[in-house]
Amino acid sequence: MSKHVVLSAGCKAWRSLSCPRSELWLDLTLGCGQTFRWRETADGHWTGVMRGRVWTLTQTENMLWYYVYGHQMNPGAESGQKCKVKGERRSGEMMDIKEEEEKTCTVMSDLDHKDEELLRDYFQLDVKLEDLYRHWSAVDLHFKQIANVFTGVRMLRQDPGECLFSFICSSNNHISRIQGMIDRLCQTLGTPLCTLDDVAYHDFPPLPVLSDASVEMRLRDLGFGYRARFLQQSAQLIVNSHGPDWLKSLRSVAYLQARDALRALPGVGLKVADCVCLMSLDKAEAVPVDTHVWQISKRDYNCAAGSSQKTLTDKVYKDIGDFFRNLWGSYAGWAHSVLFCADLKRFQKLKEDIPVLKDEKEPKKIKEKRDDRDEEKQKKRKNSKKRQRT
DNA sequence: ATCAGACCTCC
DNA sequence: GAGGTCTGA
C-alpha cells in the first residue's frame with residue numbers, strides 16, 4: 001500500500017525549486033479557500049491533485065519541494081535511480097507513444113523541467129509577490145500591518161473548469177462543507193488516480209461528464225442541494241453552446257468581458273464570476289466581494305458603499321470592487337486575498353503578534369448592525385415549495 | 001434597475 | 001445562518 005511521502009524520510013524522488021517563504025507560504029495559500037483540493041497530510045506537507053496528477057508539496061526556508069506520485073508506482077521505484085523513477089511514472093500516464101519510446105536521460109530531464117514549469121505556472125511564481133506587497137503596504141497602512149504576518153499569500157492559477165464548478169457550490173456555504181462536496185464530486189465522477197494511506201485521489205470530473213443529464217440527481221444524493229442543477233446546467237450550456245476550450249479562452253479577453261460571459265451561466269452571479277476570473281482566468285483585478293469582504297470594507301476602511309443597505313446588491317458589490325481597485329491597483333484581487341486570509345478563523349492565532357489590530361475599531365457599532373440582521377432573518381421562516389422546472 | 005424571498009443541507 | 005443566486009415584484 002502506498003503512503004503519503006514526507007521530506008524527512010529522505011526519499012530520492014523529491015525535487016525542489018528555489019522559492020523563498022516571502023514569495024509563497026503554502027499553509028496560507030493552499031488553506032485560504034481559493035482551492036478545495038489540498039489537504040495537509042503531514043506537518044507542513046500538502047497533498048492534492050493538480051493538472052491530473054497527485055502531488056505532495058512542502059517547503060523549507062528557501063525551497064519549494066515537490067513529489068509526484070505515479071499512478072501505478074513500482075514498489076522499487078523510490079530506491080531506484082532517479083531517471084528510472086521518472087520513466088516508470090511516465091509509462092503509467094499514457095502520454096504520447098512517440099515520447100514513450102525515448103526513455104533516455106535527456107528526455108527525463110525535460111520532464112523534470114516540465115514538472116517544475118507546471119508548479120511555476122500553478123503558483124504563478126513569475127509574479128513577484130514581494131514587490132506587490134511593497135506597493136500595497138505603501139498605499140494602505142492597514143494592509144501594511146496585516147502583511148507583516150500574512151506573507152506569501154498568492155493566487156493560484158487553477159483550472160477554469162474546476163474553479164467554476166467548485167465556486168458554483170460555494171453559495172450559501174462554508175469552506176469545510178464545500179471541501180466535502182468537492183471530495184464527493186471527484187470521488188463519484190472523477191477518474192481515480194491513486195490511493196495513499198487509504199485515501200483515494202481522483203481527478204476533477206471533465207466537462208462532458210458533468211453535463212450529463214443524470215448528474216443533477218446524483219449530486220443531490222451527494223448533498224449538493226439546489227446547486228446540483230446549477231452545476232449540471234452550466235456544464236451542459238458550455239458543452240452545447242461554447243465548446244470544451246471556451247473557459248480557457250476567456251483568459252485572453254478583458255476582465256469585464258470574461259465576467260459577463262460567465263454570468264450568463266446558471267448559478268453564476270458576480271461573486272462566483274469574480275472568483276473564477278481571479279483564480280483561473282488571469283484577471284488579477286477581479287475582487288470577489290462576499291458578505292465577509294463587505295464587512296472588512298466597512299470595518300477596516302470606512303468604505304461607504306452599501307452602508308445603508310441590508311443586502312449586498314449588485315451596485316454595492318461593484319462599488320466595493322471599485323473601491324479596492326482604486327486603492328490597491330491592478331492586482332487588487334491578490335491583495336484582497338491577503339486580507340481575506342487574515343480574517344479566517346483558522347488563522348486568527350497568527351494575529352496575536354499584531355497589537356495594533358486589537359483596538360483600532362469600534363466593535364459596538366458593527367455588533368448592533370449584525371444583531372439587526374439576525375432579527376430580520378428570524379422573521380423569514382417558511383415552508384419550502386417544490387420547484388417545477390424540467 | 002433594485003430589493004426581499006426562496007433555495008438545500010449541515011453545524 | 002453559512003464566503004450567493006435566481007426570481008418576481
Side-chain angles (χ1 to χ4, degrees), chain A residues 31-36 153 155 163-185 215-234 237 259-260 262-279 286-299 305-321 324 333 336-348 367 369-389:
Chain A
C32 70
Q34 61 175 315
T35 172
F36 308 99
V153 181
M155 298 313 304
C163 193
L164 169 67
F165 296 115
S166 297
F167 280 96
I168 284 179
C169 299
S170 72
S171 70
N172 254 332
N173 220 338
H174 50 272
I175 295 177
S176 63
R177 189 176 164 223
I178 300 168
Q179 275 191 347
M181 288 164 62
I182 302 300
D183 268 355
R184 296 193 291 278
L185 173 70
V215 163
E216 176 182 350
M217 206 168 53
R218 302 189 68 179
L219 294 186
R220 281 188 183 272
D221 290 341
L222 295 178
F224 278 56
Y226 62 89
R227 305 165 194 87
R229 189 197 319 157
F230 288 156
L231 213 154
Q232 186 274 331
Q233 285 183 332
S234 279
L237 197 152
R259 187 175 75 178
D260 288 344
L262 291 170
R263 276 242 281 167
L265 300 170
V268 180
L270 282 170
K271 195 314 195 134
V272 172
D274 269 338
C275 284
V276 178
C277 280
L278 174 65
M279 301 169 189
V287 180
V289 179
D290 52 28
T291 56
H292 206 191
V293 172
W294 189 20
Q295 293 301 320
I296 292 175
S297 77
K298 287 187 284 195
R299 184 191 66 202
S307 49
S308 63
Q309 305 279 341
K310 268 179 199 164
T311 59
L312 188 53
T313 62
D314 282 6
K315 174 167 170 43
V316 176
Y317 185 103
K318 288 171 178 167
D319 286 348
I320 294 172
F324 282 126
H336 132 282
S337 78
V338 178
L339 294 193
F340 186 87
C341 182
D343 247 46
L344 286 175
K345 281 197 182 74
R346 66 175 73 160
F347 295 133
Q348 286 316 293
K367 193 160 198 298
K369 282 182 183 168
R370 187 174 285 160
D371 288 344
D372 284 349
R373 280 208 330 208
D374 289 349
E375 282 173 19
E376 302 270 340
K377 281 194 175 176
Q378 281 176 7
K379 291 182 195 167
K380 13 174 169 170
R381 290 291 136 195
K382 274 201 171 176
N383 309 347
S384 55
K385 225 189 285 176
K386 191 130 195 185
R387 290 244 219 142
Q388 41 206 19
R389 220 217 272 164

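Below, chain A is the first sequence line, B the second, and so on; all start at residue 1. If you're wondering where the values come from, they're calculated on a predicted model, not measured in any experiment.
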- Whole angstrom value for the distance that separates C1' of C/dG3 from CG of A/L344: 9 Å
- Tell me what A/V289 touches on the nucleic acid: a base, only sugar-phosphate, or nothing, going by heavy atoms under 4.0 Å. nothing
- Item | Distance in Å, A/L185 CG paired with A/L231 CG, rounded so as to fall on 0.5 Å steps | 6.5 Å
- Message: Let's test this: given Watson-Crick or G-U wobble pairing with both distances under 3.5 Å, identify the partner of B/dA6.
- Response: C/dT5
- Message: Please classify the nucleic acid contact of A/F224 as base, sugar-phosphate, or nothing, using heavy-atom distances under 4.0 Å.
- Response: nothing
- May I ask you to say what A/C32 touches in the nucleic acid, namely base, sugar-phosphate or nothing, with a heavy-atom cut-off under 4.0 Å? base
- Query: Counting any heavy atom closer than 4.0 Å, what does A/G223 reach on the DNA or RNA strands: base, sugar-phosphate only, or nothing?
  - Reply: nothing
- Message: Heavy atoms only, 4.0 Å cut-off, all strands: where does A/L270 land among base, sugar-phosphate and nothing?
- Response: sugar-phosphate
- Of all the nucleotides listed (B/dT2, C/dG3, B/dC8), which has the minimum atom distance to the side chain of A/T291? C/dG3
- Query: Please give, in whole Å, the distance from B/dC10 P to A/I178 CD1?
  - Reply: 15 Å
- Query: Is the shortest side-chain N to carboxylate O distance from A/D314 to A/K318 below 4.0 Å?
  - Reply: no
- Item | N/O donor-acceptor pair under 3.5 Å between A/E216 side chain and A/R227 backbone | no
- B/dG5 versus C/dG1 - spacing of their C1' atoms, nearest Å: 15 Å
- Note on the structure: Rounded to whole Å, CG of A/L312 lies from P of B/dT2 at a distance of 13 Å
- Message: Checking contacts here: which listed nucleotide (C/dA2, B/dC3, C/dT5) is nearest the side-chain heavy atoms of A/T313?
- Response: B/dC3
- Backbone N/O of A/F340 and side chain of A/H292: donor-acceptor pair under 3.5 Å: no
- Query: Could you give the CG-to-P distance, from A/L231 to C/dG4, as a whole number of Å?
  - Reply: 17 Å
- Give one of base, sugar-phosphate or nothing for A/I296, where a contact means two heavy atoms less than 4.0 Å apart. nothing
- Message: Nearest whole Å is fine: how far is C/dG4 P from A/R263 CZ?
- Response: 15 Å
- Just checking A/R227: base, sugar-phosphate only, or nothing, at a heavy-atom cut-off of under 4.0 Å? base
- Of the listed nucleotides C/dG3, B/dA4, B/dC8, the one nearest the side chain of A/Y226: B/dC8
- Could you please name the option among B/dT2, C/dG3, B/dC8 that lies closest to any side-chain atom of A/D290? C/dG3
- Task: Whole angstrom is fine here: how far is it from CD in A/E216 over to C1' in B/dC7?
- Result: 13 Å
- Query: So what does A/V293 hit on the nucleic acid, given a heavy-atom distance under 4.0 Å: a base, only sugar-phosphate, or nothing?
  - Reply: nothing
- Item | Presence of A/T311 side-chain N/O under 4.0 Å of B/dA4 phosphate oxygens OP1/OP2 | yes
- Query: What nucleotide, of C/dG3, B/dA4, C/dG4, holds the atom closest to the side chain of A/N172?
  - Reply: C/dG4
- Find the distance A/Q179:CD to B/dC11:C1' and express it as a whole number of Å. 16 Å
- Message: Measuring to OP1 and OP2 of C/dT5, would you say a side-chain N or O of A/S171 lies under 4.0 angstrom away?
- Response: no
- Is a donor on one side and an acceptor on the other found under 3.5 Å between the side chain of A/R184 and the backbone of A/G223? no
- Given the rule in the side chain to side chain contact (heavy atoms under 4.5 Å, CB included) test, do A/V272 and A/S171 qualify, once you have shown the distances and angles that lead to the verdict? CA-CA 8 Å; A/V272 172; A/S171 70; 5.7 Å; no
- Message: One pair to check against side chain to side chain contact (heavy atoms under 4.5 Å, CB included): A/L265 and A/I168. What are the steps and the verdict?
- Response: CA-CA 10 Å; A/L265 300 170; A/I168 284 179; 5.8 Å; no
- Item | Closest-nucleotide 5' rank along DNA chain C - winner of A/N173 and A/V268 | A/N173
- Task: Find the distance A/L164:CG to C/dT5:C1' and express it as a whole number of Å.
- Result: 14 Å
- A/P266 near the nucleic acid: base, sugar-phosphate alone, or nothing, with a heavy-atom cut-off under 4.0 Å? sugar-phosphate
- Which of B/dA4, B/dC8, C/dC6 is nearest the side chain of A/K310? It is B/dA4
- Roughly how far apart, to the nearest Å, are C/dG8 and B/dC8 at atom P? 14 Å
